[in-house]
Visitor: 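If you scroll down you'll find the structure; I have some questions about it.
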Amino acid sequence: MFIAVNKIAVPAAHREQMVATFEKEAPNMKQFKGFLGLELWNAEDGSLLAVSRWESKEALSEYTSNPLFQAHHGGASNEQARQNPSANVQHYEARVLS
């Protein structure tokens, strides 16, 4: 399994709007082969963690090269989104044990 964690700094006044946007757009992710799920976590520092699970790194790459990725990230390509100074994206290989 491949995990992408996007840490998003969201002012408290905009948090509910950001969560609502994720809830609205999340069903669109199911169209991507290898997509396993999306979760939003509230971090102790007030940021949101968008945690997406994929069958493989290649499956995530298919999403990040799709126009829907740009729509979800304000028109930015995967490379532009990762170079954004406020972006904090981490990738992990994972093994499910139970």
Visitor: Can you measure from CD (E23) to CG (L40) and round to the nearest 0.5 angstrom?
Guide: 7.5 Å
Visitor: Same cluster for M18 and L68 if Ile/Leu/Val/Met/Phe/Trp/Tyr side chains link at under 4.5 Å?
Guide: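 They do share one cluster, since a chain of ILVMFWY contacts under 4.5 Å joins M18 to L68.
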Visitor: How would you list, by chain and number, every residue that makes a side chain to side chain contact (heavy atoms under 4.5 Å, CB included) with E44, sequence neighbours excluded?
Guide: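 Listed in chain order: nothing, the list is empty.
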Visitor: Can you sort out the partners of A26 under side chain to side chain contact (heavy atoms under 4.5 Å, CB included), two or more places apart, ordered by chain and number?
Guide: L38
Visitor: Kindly list each side-chain donor-acceptor pair under 3.5 angstrom involving residues 47-55, sequence neighbours excluded, with atom names and distances?
Guide:
residue	atom	partner	partner atom	Å
S47	OG	D45	OD1	2.6
S52	OG	W54	NE1	2.9
R53	NE	E39	OE2	3.4

Visitor: Using the rule that two of Ile, Leu, Val, Met, Phe, Trp, Tyr join whenever any of their side-chain heavy atoms come within less than 4.5 Å, decide whether I3 and I8 are in one cluster.
Guide: no
Visitor: Under the rule for side-chain hydrogen bond (donor to acceptor under 3.5 Å, both in side chains), what residues qualify as partners of N28, not counting sequence neighbours?
Guide: E25
Visitor: With sequence neighbours excluded, what pairs up with T21 under the side-chain hydrogen bond (donor to acceptor under 3.5 Å, both in side chains) test?
Guide: none
Visitor: Out of curiosity, K7 NZ to W41 CH2, how far, rounded to the nearest 0.5 Å?
Guide: 12.5 Å
Visitor: Only counting residues at least two apart or in another chain, list the ones meeting side chain to side chain contact (heavy atoms under 4.5 Å, CB included) with A13.
Guide: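 With neighbours one apart ignored, the set is empty.
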Visitor: Rounded to the nearest 0.5 Å, how far apart are CD of E62 and CZ of F35?
Guide: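 Answer rounded to 0.5 Å: 14.0 Å.
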Visitor: Do F69 and F32 sit in one hydrophobic cluster, given that two such residues count as connected whenever their side-chain heavy atoms are within less than 4.5 Å of each other, even indirectly?
Guide: yes
Visitor: Look at the side-chain heavy atoms of Ile, Leu, Val, Met, Phe, Trp and Tyr, link any pair under 4.5 Å apart, and say whether V10 and V5 land in one connected group.
Guide: no
Visitor: What is the minimum heavy-atom distance between H91 and F2, and which atoms define it?
Guide: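 Heavy-atom minimum between the residues: CB-CZ, 3.4 Å.
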Visitor: Suppose we screen for side-chain hydrogen bond (donor to acceptor under 3.5 Å, both in side chains). Which residues come up paired with E58, at least two apart in sequence or across chains?
Guide: S56
